[in-house]
Amino acid sequence: MTVINKDLCIGCKICQKYCTVDAFVYDKEEKKMRVDQDRCTECYVCLRQKVCPRDAIKPVELDNFYKQFQHVLSDPVENHGVTGVTGRGTEEVKTNDVSGRVKKGQVGICIDMGRPGMGVYLRDAEKVAMACAEAGVELASQVHTPLAALMPDLTTGKLVDECLGYHLLSVIVEGNCQAEELKQVLQALKKVSKEIDTVFSLGLIVRTDENGETEALSCLDELGIPQPHRGKVNVGLGKPLTLA
Ligand code: SF4
Ligand code: SF4
């Protein structure tokens with residue numbers, strides 16, 4: 001947990017410029033800063049960059065699992081213990097040429113929630129995960145993605161209640177659906193995007209045909225979703241474990 005030692009704080013407000021989610025709150029009466037613990041993501045930017053001239057910002061031991069989870073996903077230099085990946089703990093299905101996680105006839109779904117300046121509460125990640133699961137997405141397991149550790153039943157996407165109030169800098173909801181289910185998944189995402197208090201960007205991972213075409217783009221057109229201006233093309237040199 002990140003806290004301010006009030007005996008050291010001189011209320012200069014320098015720290016406010018550095019917080020990724022506006023978690024430093026100035027107390028006008030006391031003329032001191034405090035950390036809004038509901039907003040703080042434990043990203044440790046303020047601590048790593050030593051932004052306080054009085055060294056008044058202090059880390060307090062993260063004494064529960066959810067606090068540690070929050071820190072590991074919000075601090076880009078932390079390594080996730082299970083997946084072994086730094087920065088949100090997942091390589092996502094974007095490395096499909098190596099992992100072969102998205103098979104022919106499937107679409108990989110990667111929903112990148114939250115942004116610096118905004119963050120994401122896990123209650124909103126739950127809404128998105130549940131909307132995906134209901135629309136036919138098979139959510140990724142915790143071998144691949146950290147969020148699954150909070151999801152006792154991957155078929156529903158429901159998270160454990162204890163975690164819902166925690167605020168992260170960013171988190172990724174990911175999984176696969178069958179190509180014919182993509183339209184209903186996109187419709188569910190359009191609907192849930194109006195029910196959450198943050199933003200997300202959507203990545204679609206597909207195997208193109210020999211002409212470089214994919215039906216997924218027609219699906220976007222059909223629903224009036226602008227086609228992406230950029231994409232990442234993996235040419236398959238990683239020899240995926242499955243060619244199916
Ligand atoms: S930078 Fe340090 S001294 Fe200045 S307001 Fe923030 S915590 Fe207080
Ligand atoms: S740990 Fe991150 S979110 Fe928390 S006060 Fe510091 S910069 Fe802001």
Side-chain angles (χ1 to χ4, degrees), residues 1-92 110-129 145-150 159-174 196-201:
M1 194 156 68
T2 308
V3 298
I4 308 270
N5 180 330
K6 289 193 177 174
D7 293 336
L8 296 176
C9 177
I10 53 170
C12 68
K13 303 184 186 174
I14 288 174
C15 52
Q16 283 185 319
K17 289 183 234 163
Y18 294 90
C19 180
T20 52
V21 290
D22 275 340
F24 287 118
V25 180
Y26 184 66
D27 185 321
K28 285 183 187 159
E29 283 184 12
E30 281 193 300
K31 294 189 172 47
K32 307 271 183 188
M33 201 62 76
R34 69 177 172 82
V35 176
D36 178 341
Q37 296 299 339
D38 286 342
R39 278 199 73 74
C40 176
T41 63
E42 308 299 347
C43 72
Y44 285 9
V45 165
C46 54
L47 293 164
R48 246 189 348 268
Q49 298 306 317
K50 298 183 172 40
V51 300
C52 177
R54 296 291 304 261
D55 196 22
I57 307 172
K58 302 288 183 191
V60 173
E61 195 178 345
L62 301 173
D63 54 2
N64 77 49
F65 171 78
Y66 303 111
K67 270 276 160 206
Q68 288 164 3
F69 184 91
Q70 181 187 36
H71 167 60
V72 168
L73 263 73
S74 298
D75 182 342
V77 300
E78 272 288 355
N79 185 305
H80 187 264
V82 176
T83 63
V85 179
T86 51
R88 299 182 299 182
T90 170
E91 289 181 332
E92 313 153 46
C110 173
I111 302 154
D112 191 341
M113 300 188 67
R115 278 286 174 271
M118 181 172 275
V120 51
Y121 282 96
L122 284 171
R123 57 178 172 262
D124 283 336
E126 179 189 74
K127 285 181 191 166
V128 169
T145 195
L147 189 62
L150 306 179
L159 303 185
V160 292
D161 288 337
E162 295 84 344
C163 78
L164 298 180
Y166 285 87
H167 196 214
L168 277 55
L169 198 54
S170 177
V171 71
I172 295 180
V173 177
E174 55 186 317
I196 57 175
D197 192 22
T198 187
V199 294
F200 65 75
S201 58

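Remember, it's 1-based here, ligands and their atoms both numbered in the order they're listed. Quick note: numbers below take in every heavy atom, side chains included, and nothing from hydrogens, waters or symmetry partners.
Atom 4 (Fe) of ligand 1 has its closest protein heavy atom at Cys12 SG, 2.3 Å. Ranking protein heavy atoms by distance to atom 6 (Fe) of ligand 1, first place goes to Cys15 SG, 2.4 Å. In terms of protein heavy atoms, atom 5 (S) of ligand 2 is closest to Phe24 CZ, 3.6 Å. When only non-hydrogen protein atoms are considered, atom 2 (Fe) of ligand 1 lies nearest to Cys52 SG, 2.3 Å. The nearest heavy-atom contact from the protein to atom 3 (S) of ligand 1 is Ile10 N, 3.4 Å.
Interface of Pro53 with ligand 1, defined as ligand atoms under 4.0 Å from a residue heavy atom, comprises 1 (S). Every atom of ligand 1 with a heavy atom of Lys13 under 4.0 Å away is listed here by number and element: 4 (Fe), 5 (S).
Around atom OH of Tyr18, no more than 12 heavy atoms belonging to other residues, nucleotides or ligands sit under 6.0 Å away.
Checked by atom type and distance alone, the side chain of Thr20 never pairs as donor or acceptor with a backbone atom of Pro116 at under 3.5 Å. Looking only at distances, no side-chain donor or acceptor of Gln37 sits under 3.5 Å from a matching main-chain atom of Met1.
Among all heavy-atom pairs drawn from Asp75 and Arg48, the shortest one is OD1-NH1, 2.8 Å.
Around atom 2 (Fe) of ligand 2, the protein N, O or S atoms found under 2.8 Å comprise Cys43 SG.
Thr2 and Glu42 share a side-chain donor-acceptor pair at under 3.5 Å.
Distances from atom 8 (Fe) of ligand 1 show that Cys9 has an N/O/S atom below 2.8 Å.
Screening Glu126, Arg39, Lys127 for a side-chain contact (heavy atoms from CB on, under 4.5 Å) with Tyr121, the sole residue that qualifies is Arg39.
Of the heavy atoms in Ile4, only side-chain atoms (C-beta onward) come closer than 4.0 Å to ligand 1.
The aromatic rings of His71 and Tyr44 sit tilted, their planes meeting at an angle between 30° and 60°.
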